[in-house]
Amino acid sequence: MFRGTTCQQIIMMAREAGARKVYFASAAPAVKYPNVYGIDMPSAAELIAHGRTEQEVCEAIGADWLVYQDLHDLVAASGEGNSEIKKFDCAVFDGSYVTGDVDAAYLDDLETARGERVKAGRERLLAQSDNAMVGINNDD
């Protein structure tokens, strides 16, 4: 669950179909921090769980109850497949980045850069649409 918008839509559809109670279970812990190692994903501010309690996320998505996978249990289960692996990258869940050089200032800079890229992309699309010609032909 990233921004939570898909969850909100699914929960609304379930309610529209007549569900009186909607329980949401995530097979992963709450994603609270962005991945900074090459995966383009939302900034921390765009993640629904960032800075929120489980109850606040539950209310934000419109569920009656919410449960996340426990991070310790996820790591333990993942390690059962290969006992030689001693450390997992759990940064998106716990904010502990394996390189040790990611701090709040770095994340703020990343969020600013992402916002500037998004804004530039929107401006580029608007400029393209301003220059577009639409032709209508009713000749048969």
Side-chain angles (χ1 to χ4, degrees):
M1 173 167 29
F2 295 115
R3 291 182 181 97
T5 51
T6 302
C7 302
Q8 290 168 327
Q9 292 168 354
I10 292 169
I11 290 168
M12 283 183 0
M13 290 184 337
R15 292 200 189 280
E16 288 170 0
R20 288 179 288 192
K21 297 270 185 183
V22 179
Y23 303 134
F24 192 91
S26 174
V31 175
K32 297 182 175 191
Y33 305 92
N35 182 303
V36 299
Y37 301 123
I39 297 174
D40 184 25
M41 64 184 287
S43 67
E46 295 173 291
L47 297 168
I48 196 162
H50 182 77
R52 288 188 170 134
T53 66
E54 276 188 35
Q55 183 58 39
E56 290 170 332
V57 173
C58 184
E59 291 169 9
I61 64 174
D64 293 292
W65 183 69
L66 167 68
V67 63
Y68 286 109
Q69 167 72 280
D70 179 78
L71 180 56
H72 176 75
D73 291 345
L74 177 65
V75 170
S78 299
E80 287 183 16
N82 185 343
S83 60
E84 293 182 28
I85 298 174
K86 302 297 181 202
K87 183 155 175 81
F88 290 88
D89 176 14
C90 299
V92 298
F93 306 123
D94 65 10
S96 178
Y97 293 91
V98 296
T99 56
D101 59 352
V102 178
D103 58 11
Y106 181 89
L107 293 175
D108 288 344
D109 290 346
L110 187 66
E111 190 167 337
T112 299
R114 179 180 174 78
E116 289 170 359
R117 281 195 314 272
V118 168
K119 183 179 176 186
R122 285 187 192 132
E123 288 171 354
R124 189 170 46 254
L125 285 174
L126 286 173
Q128 289 172 352
S129 67
D130 287 345
N131 295 326
M133 288 182 52
V134 176
I136 299 175
N137 186 346
N138 289 330
D139 294 334
D140 289 347

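Nothing here was measured: the structure is a model prediction, and the numbers come from that model.
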Looking at [X] and [Y], would you say the former's side chain and the latter's main chain have a donor-acceptor pair under 3.5 Å?
{"X": "Q8", "Y": "G62", "value": "no"}
{"X": "E59", "Y": "E56", "value": "no"}
{"X": "D64", "Y": "V22", "value": "yes"}

Pair up each side-chain donor or acceptor in residues 78-86 with any protein partner under 3.5 Å, not counting sequence neighbours, and list the distances.
| residue | atom | partner | partner atom | Å |
| --- | --- | --- | --- | --- |
| S78 | OG | L74 | O | 2.9 |
| N82 | OD1 | E84 | N | 2.9 |
| K86 | NZ | S83 | O | 2.9 |

Evaluate the criterion side-chain contact (heavy atoms from CB on, under 4.5 Å) for residue pair V57 and K32; output intermediate values, then yes/no.
-> CA-CA 11 Å; V57 173; K32 297 182 175 191; over 6 Å; no
What pair of heavy atoms forms the shortest contact from [X] to [Y], and how long is it?
{"X": "P29", "Y": "D70", "result": "CG-C, 4.3 Å"}
{"X": "A49", "Y": "Y68", "result": "CB-OH, 4.1 Å"}
{"X": "V31", "Y": "L47", "result": "O-CB, 3.8 Å"}
{"X": "F24", "Y": "C7", "result": "CZ-SG, 3.3 Å"}
{"X": "A45", "Y": "E111", "result": "CB-OE2, 3.1 Å"}

What residues form a ring-ring contact (aromatic ring centres under 6.0 Å, His included) with F93, not counting sequence neighbours?
-> none
Contacts of F88 that satisfy ring-ring contact (aromatic ring centres under 6.0 Å, His included) - sequence neighbours left out = none
Is it true that the side chains of Q9 and T6 contain a donor and an acceptor less than 3.5 Å apart?
-> no
Residue pairs fulfilling ring-ring contact (aromatic ring centres under 6.0 Å, His included) with at least one residue in residues 44-64, sequence neighbours excluded = Y33-H50
Partners of N35 by side chain to side chain donor-acceptor pair (under 3.5 Å), sequence neighbours excluded?
-> none
List the steps and the verdict of side-chain contact (heavy atoms from CB on, under 4.5 Å) for I61 and I10.
-> CA-CA 9 Å; I61 64 174; I10 292 169; over 6 Å; no
Check the hydrophobic clustering (I, L, V, M, F, W, Y; side-chain heavy atoms under 4.5 Å; chains of links allowed) and say if V92 and L107 are grouped together.
-> no
Solution key, residues 95-102 side-chain donor-acceptor pairs under 3.5 Å, sequence neighbours excluded:
| residue | atom | partner | partner atom | Å |
| --- | --- | --- | --- | --- |
| Y97 | OH | P34 | O | 2.7 |
| T99 | OG1 | Y37 | OH | 2.9 |
| T99 | OG1 | D101 | OD1 | 2.5 |

